[in-house]
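Everything below concerns the one structure shown next.
Please read all numbers here as calculations on a predicted model, not as lab measurements.
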Amino acid sequence: MLMELNQTVHTLKEWAVAIQALEAGKTIMLLRKGGIAEKQGRFQVTHQRVLLYPTYEHQQPLLLKTEYANLVHPVPSGWHPETVQITSWAEITDILPVSEQSVVSRLLPFHIWNENFISDRLKWKPQQPLFILLLRTYQLPQIQEIPYRSQYGGCKSWIDIESPVQLQGSQPVMSDLHYLEIVKDIRAIIGD
């Protein structure tokens, strides 16, 4: 059992710019409704401890706050790197479904997306909530380069990579106290 806690193959795909913000401690929040290829067509968290897998193809600068939009380098449709660099992992500590635009709008200071993103996400599959994921992010002690595989592609949130990545020696990107303060502020807005 201890071995399983120190390594994982479970991976959450997310825009590279969002992973950079998580790693820099600029956010602890992701907003998800799920990829087109999700099981039963809806987003579900399948694992609490996940590697963070950067994606590039669908990053849209127009859906990001200005300071993050400038970090996106557009790539052609279908592009993927030969190898993927995994530099961090996260513990998903909170999964908070939200349906009200006013609540999601009050969360704007806590994430990297702009009002257009929020509006688009809430309108897409409006009968389903937007999931607020809070992630305690850890920097791996060294970059893990994994070969790209076709099964890693597509509009899905979760993949399992072929070889496990060792997690021991990882360092949290922010202190426990700072992380818990942000979680408390976000939960106060959502009203649990």
Derivation and outcome, side-chain contact (heavy atoms from CB on, under 4.5 Å), residues Ile28 and Val173: CA-CA 10 Å; Ile28 66 166; Val173 300; over 6 Å; no

Candidate pair Val104 and Leu130, rule side-chain contact (heavy atoms from CB on, under 4.5 Å), full reasoning: CA-CA 9 Å; Val104 181; Leu130 183 63; 3.8 Å; yes

Steps toward side-chain contact (heavy atoms from CB on, under 4.5 Å) verdict (Thr87, Leu140): CA-CA 6 Å; Thr87 53; Leu140 288 168; 5.7 Å; no

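Taking all atoms of both residues into account, the shortest heavy-atom contact from Val72 to Gln59 is CG1-CB, 3.8 Å. The shortest non-hydrogen separation linking Tyr68 to Ala21 is CE2-CB, 4.0 Å. Contact between Ile159 and Gln151 at its shortest, heavy atoms only, is CG2-O, 4.2 Å. Smallest separation of non-hydrogen atoms from His10 and Arg49: CB-O, 4.1 Å. Shown here for Pro172 and Arg136, the closest heavy-atom pair between the two residues is CB-NH1, 3.4 Å. Between His111 and Thr27 the shortest heavy-atom distance is CA-OG1, 3.6 Å.
Residue Leu108 holds its CG atom at 10.5 Å from CZ of Phe110, rounded to the nearest 0.5 Å. The NZ atom of Lys13 sits 14.0 Å away from atom CG of Leu51, with the distance rounded to the nearest 0.5 Å. The CG atom of Leu31 lies 6.5 Å from the CD1 atom of Ile118; values are rounded to the nearest 0.5 Å. Summarising the geometry, atom CG belonging to Leu122 is positioned 12.0 Å from atom CH2 belonging to Trp124; distances are rounded to the nearest 0.5 Å. The CD1 atom of Ile112 sits 7.5 Å away from atom CG of Leu22, with the distance rounded to the nearest 0.5 Å. Distance check, rounded to the nearest 0.5 Å: CD1 of Ile161 to OG1 of Thr11 gives 4.5 Å.
Ring pair Tyr138/Trp89 is parallel by interplanar angle, where below 30° counts as parallel and above 60° as perpendicular. Using the six-membered ring where Trp is involved, Tyr56 and Trp79 have ring planes that are perpendicular, over 60° apart on the 30 and 60° scheme. Ring-plane geometry between Trp113 and Phe117 is classed as parallel, the angle between the planes falling under 30 degrees on a 0 to 90 degree scale with a further cut at 60.
Counting only heavy atoms from C-beta outward, the side chains of Leu134 and Ile132 approach each other to under 4.5 Å. In this structure, Thr8 and Pro164 have side chains that are not in contact, with every pair of non-hydrogen atoms separated by 4.5 Å or more. With a 4.5 Å cut-off on side-chain heavy atoms, His58 and Trp15 count as touching. Considering only heavy atoms from C-beta on, Tyr152 comes within 4.5 Å of Glu162 through its side chain. Under the 4.5 Å side-chain criterion, counting only non-hydrogen atoms from C-beta, Ser77 is in contact with Glu57. Using a 4.5 Å cut-off on side-chain heavy atoms (C-beta onward), Leu107 and Ile190 make contact. At a threshold of 4.5 Å between non-hydrogen side-chain atoms, the residues Leu12 and Trp158 count as touching. For the pair Ile186/Met29, a side-chain contact is recorded, criterion being any heavy-atom separation below 4.5 Å from C-beta on.
Listed for the Asn114 side chain is a donor-acceptor partner under 3.5 Å among the backbone atoms of Leu64. Judged by distance alone, with hydrogens and angles left aside, the side-chain atoms of Lys33 form no donor-acceptor pair with the main-chain N or O of Pro129 at under 3.5 Å. Looking at Lys184, its side chain never comes within 3.5 Å of a backbone N or O of Tyr179 through a donor-acceptor pair. Of the possible polar contacts, none joining the Lys65 side chain to the Glu115 backbone as a donor-acceptor pair under 3.5 Å is found. Looking only at distances, a side-chain donor or acceptor of Gln48 sits under 3.5 Å from a matching main-chain atom of Ile92.
By the neighbour-count criterion of 12 heavy atoms within 6.0 Å, atom CD of Glu67 is densely surrounded, having more than that number from other residues, nucleotides or ligands. The neighbour count for Glu100 CD, taken as heavy atoms of other residues, nucleotides or ligands under 6.0 Å away, does not exceed 12.
Note on Ile95: it clusters hydrophobically with Val183, by side-chain heavy-atom contacts below 4.5 Å among ILVMFWY residues.
A donor-acceptor contact closer than 3.5 angstrom is absent between the side chains of Ser88 and Gln139. Looking at Gln101 and Ser119, their side chains never bring a donor and an acceptor atom within 3.5 Å of each other. Side-chain contact of Thr137 with Glu23: a donor-acceptor pair under 3.5 Å is absent, judged by distance alone.
A cation-pi arrangement, defined by a distance under 6.0 Å to the six-membered ring centre and an angle within 45 degrees of its axis, is absent between Arg32 and Phe131.
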